[in-house]
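Take a look at the structure below.
Atoms within a ligand are numbered from 1 in the order they appear, just like the ligands themselves. Nothing fancy with the numbering, it's 1 onward along the sequence. Since the model is a prediction, treat every value here as computed from it, not as a measurement.
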Amino acid sequence: MDAIEVLKTRRSIRAYTREPVPRKIIEDVVDCGRLAATAINIQPWEFVVVTDPELLRSIAQTTDHGKFIADAPVCVVVLCRDTKYYLEDGSAATENILLAARGHGLGACCVAGDKKPYAAEICRLVGAPQGFKLVSLISIGYPAESPEKTKRPLSDVLHWEEY
Ligand SMILES: Cc1cc2nc3c(=O)[nH]c(=O)nc-3n(C[C@H](O)[C@H](O)[C@H](O)COP(=O)(O)O)c2cc1C
């Protein structure tokens, strides 16, 4: 799959098969997060890969709209040091991970972290040091669904020269 096809066919996948995801592939997906654009190249991120079923369940139960994490083989917890652009940087890394997962034939879904009341509890669960922010939780696995999603047409959102 080329990059444009990956971009245009990515969808949020919340149901996964039981097939385990090879460690090398998880590492490559996280590596793509590591390479994301980041303001003044500060790279404030750390990525915690969770595969332990009990910890996955605890994370899932802590969230409001991420209960499906309990049934994912992998959850990547995206943390950032509390820098000026941590949210933009962490979001760029998150999107890279979502796209890399798609490129490897995996399904993934971003679950909100920043601003959520459960952010501190997730940080505690994964042992994040003081001063780190939870940006996102990314569930990953081989897809067991292929949802369609209606998107606003290009003609609605593209403005040449002025709005
Ligand atoms: C910042 C952010 C937070 C999100 N939080 C959740 C969430 O808590 N639970 C969930 O199921 N999906 C979550 N999503 C996924 C969105 O629901 C999904 O991207 C949106 O419906 C568009 O669908 P698509 O990703 O298939 O294009 C989140 C996405 C983003 C970007």
Determine whether the side chain, the backbone, both or neither of R11 has a heavy atom under 4.0 Å from any heavy atom of ligand 1.
both
Does K149, backbone or side chain, put an N or O under 3.5 Å from an N or O of ligand 1?
yes
Under a 4.0 angstrom heavy-atom cut-off, which atoms of ligand 1 come close to V111?
5 (N), 6 (C), 7 (C), 8 (O)
Can you name the nearest heavy-atom pair linking A60 to A70, along with the distance?
CB-N, 3.4 Å
Within-cut-off N or O pair, C110 and ligand 1, under 3.5 Å:
yes
Are Y16 and S139 linked by a side-chain donor-acceptor pair shorter than 3.5 Å?
yes
Using a 3.5 Å cut-off on N or O atoms only, is A112 in polar contact with ligand 1?
yes
Suppose we measure from atom 26 (O) of ligand 1 to each protein heavy atom; which comes out shortest, and what is that distance?
S12 N, 2.7 Å
Between C109 and ligand 1, which part of the residue brings a heavy atom under 4.0 Å of the ligand: side chain, backbone, both or neither?
side chain
F68 heavy atoms within 4.0 Å reach ligand 1 at atoms 11 (O)
Could you please spell out the steps behind the side chain to side chain contact (heavy atoms under 4.5 Å, CB included) verdict for L98 and C110?
CA-CA 7 Å; L98 294 173; C110 168; 4.1 Å; yes
Which salt bridge (Lys or Arg N to Asp or Glu O under 4.0 Å) pairs, counting each pair once, include a residue from residues 19-35, with sequence neighbours left out?
R23-E27, K24-E27, D31-R34
Identity and separation of the nearest protein heavy atom to atom 12 (N) of ligand 1
R14 NH2, 3.2 Å
Could you identify the single nearest non-hydrogen protein atom to atom 9 (N) of ligand 1 and state the distance to 0.1 Å?
H65 O, 2.8 Å
Which distance, rounded to the nearest 0.5 Å, do you find between the CZ of R102 and the CD1 of I140?
14.0 Å
Roughly how far, to the nearest 0.5 Å, is OG1 of T94 from CD1 of I138?
4.5 Å
Can you list everything that forms a ring pair (Phe, Tyr, Trp, His ring centres under 6.0 Å) with H159? Sequence neighbours excluded, please.
Y163
Which residue owns the protein heavy atom closest to atom 27 (O) of ligand 1, what's the atom, and how far is it?
K151 NZ, 2.6 Å
F47 reachable from V126 in the ILVMFWY side-chain graph, under 4.5 Å edges:
no
